[in-house]
Amino acid sequence: EHNENNATTIINPGAGISIEGETQVFEWLKSLGFRALLMRDRSSLFNDPFRNGTLLCHVIGRVENERMHSLYKDPKSIDECRHNVYQAFQVLVRKQTPIPSYLKGKEEAVLRGDRSVILALLYSLMKINENKLDLNTSILTNNEKMFKQEASMYTPPYDDNDMERVENSL
């Protein structure tokens, strides 16, 4: 269950995201390999990966392990940009991604370039991704503990003398 209040110092629905949160988002995006997208010229909707849906589709694809089949990588029209953004939000709904409720249905705000919405959405996806990684690590650690416990309780069918006789007979 996602708690919308756990990041109130970083995200404030009215004021947007803090400088610290913004820095964390950009570092996270770089760590995911999106440096080239971040360096694009953002002078127009079509070139701006934050507004045209390309970055959002790539990030959601990574966080939700979802392949975006009909992504316009270099959109040439508002309809292609809109398609990307709406497709990204549809994945969030279908996967029941626990983004804060005030970010749901904000496709047009993304297209307009509403920085507070875009960065808050990316920050939320970053935190969701971190929680998934923590959960996976926890599951692996628990499985490893169970395996070691089961192995320590294992009693071989042969004692040392039996094993020595088998070794000598070879």
Side-chain angles (χ1 to χ4, degrees), residues 1-68 70-75 77-142:
E1 179 76 28
H2 177 73
N3 181 354
E4 293 182 24
N5 296 325
N6 67 353
T8 51
T9 59
I10 302 292
I11 300 177
N12 179 335
I17 188 169
S18 72
I19 298 297
E20 175 191 351
E22 189 173 325
T23 302
Q24 290 173 12
V25 166
F26 279 94
E27 291 304 314
W28 175 64
L29 292 171
K30 287 176 191 172
S31 77
L32 291 177
F34 298 130
R35 186 179 302 271
L37 276 177
L38 298 176
M39 296 176 70
R40 280 194 180 173
D41 170 33
R42 295 189 213 150
S43 59
S44 77
L45 166 64
F46 306 125
N47 292 331
D48 187 347
F50 287 90
R51 293 176 60 201
N52 68 19
T54 55
L55 180 63
L56 198 54
C57 282
H58 286 302
V59 169
I60 290 171
R62 186 78 59 91
V63 170
E64 288 297 352
N65 196 25
E66 177 88 10
R67 181 148 164 69
M68 301 290 185
S70 58
L71 169 67
Y72 290 101
K73 292 181 180 170
D74 290 307
S77 71
I78 186 70
D79 288 335
E80 290 178 358
C81 296
R82 186 168 275 121
H83 171 85
N84 286 348
V85 172
Y86 276 79
Q87 177 180 229
F89 274 82
Q90 285 170 358
V91 170
L92 294 176
V93 169
R94 187 168 34 78
K95 293 279 194 161
Q96 298 179 348
T97 308
I99 62 170
S101 56
Y102 75 92
L103 292 172
K104 294 177 181 177
K106 294 290 188 177
E107 295 91 342
E108 294 298 319
V110 171
L111 287 164
R112 282 192 311 271
D114 185 327
R115 188 173 175 81
S116 64
V117 168
I118 294 166
L119 289 172
L121 183 57
L122 289 170
Y123 183 84
S124 297
L125 292 168
M126 177 184 74
K127 288 302 179 186
I128 290 164
N129 191 57
E130 287 173 4
N131 290 340
K132 285 183 177 187
L133 293 176
D134 289 346
L135 181 62
N136 287 342
T137 302
S138 164
I139 290 169
L140 289 174
T141 303
N142 288 339

Query raised in the report: Looking only at atom types and distance, does a side-chain atom of K106 sit under 3.5 Å from a main-chain N or O of V117, one as donor and one as acceptor?
Result: no
Query - Reported CD-to-CG distance for the pair E80 and L71, which is rounded to 0.5 angstrom - result: 10.5 Å
Query raised in the report: Hey, what's the ring geometry for Y72 with H83, parallel, tilted or perpendicular (30° and 60° as the breaks)?
Result: perpendicular
Query raised in the report: To the nearest 0.5 Å, how far apart are CZ in F50 and CD1 in I118?
Result: 7.5 Å
Query - More than 12 heavy atoms from other groups under 6.0 Å of CZ on R94 - result: yes
Query raised in the report: Testing I60, V59, V25, L103 for side chain to side chain contact (heavy atoms under 4.5 Å, CB included) with L121, which one passes?
Result: L103
Report task. Go through S77 and D79 one step at a time and tell me if the side chain to side chain donor-acceptor pair (under 3.5 Å) criterion holds. Result -> CA-CA 5 Å; S77 71; D79 288 335; 5.0 Å; no
**Report entry** F89 side chain near V85 side chain, heavy-atom distance below 4.5 Å
**Finding:** yes
Report task. Determine whether V110 and R51 make a side-chain contact, defined as any pair of heavy atoms from C-beta on separated by less than 4.5 Å. Result -> no
Query raised in the report: Hey, does T97 have a side-chain heavy atom less than 4.5 Å from the side chain of L125?
Result: yes
Query raised in the report: Where the side chain of R62 meets the backbone of L32, is there a donor-acceptor pair that is under 3.5 Å apart?
Result: yes
Query raised in the report: Are any non-hydrogen side-chain atoms of L122 and F26 less than 4.5 angstrom apart?
Result: no
Requested in this report: Rounded to the nearest 0.5 Å, what's the gap from CG on N47 to CG on N52? Could you check?
Outcome: 8.0 Å
Report task. Report the C-alpha distance between R115 and E22 in whole Å, list the side-chain angles of each, state the deciding distance to 0.1 Å, and finish with yes or no for salt bridge (charged side-chain N to carboxylate O under 4.0 Å, His left out). Result -> CA-CA 10 Å; R115 188 173 175 81; E22 189 173 325; 2.3 Å; yes
Query raised in the report: Between Q87 and L56, is any pair of side-chain heavy atoms under 4.5 Å apart?
Result: no
Requested in this report: May I have the step-by-step check of salt bridge (charged side-chain N to carboxylate O under 4.0 Å, His left out) for R82 and E108, ending in yes or no?
Outcome: CA-CA 8 Å; R82 186 168 275 121; E108 294 298 319; 3.0 Å; yes
Query raised in the report: Say you draw a straight line from CD of E66 to CG of L92; how long is it, rounded to the nearest 0.5 Å?
Result: 10.0 Å
Report task. Taking the side chain as every heavy atom from C-beta outward, state whether F34 and L55 have any pair of such atoms under 4.5 Å apart. Result -> yes
**Report entry** Residue pair R112, E107: steps toward the salt bridge (charged side-chain N to carboxylate O under 4.0 Å, His left out) verdict
**Finding:** CA-CA 9 Å; R112 282 192 311 271; E107 295 91 342; over 6 Å; no
Requested in this report: Please indicate whether K73 has more than 12 foreign heavy atoms, meaning atoms of other residues, nucleotides or ligands, lying under 6.0 Å from its NZ.
Outcome: no
Report task. May I ask you to decide if V63's main-chain N or O and N129's side chain share a donor-acceptor pair within less than 3.5 Å? Result -> no
Report task. Please tell me if the side chains of E20 and T23 come closer than 4.5 Å, counting only heavy atoms from C-beta onward. Result -> no
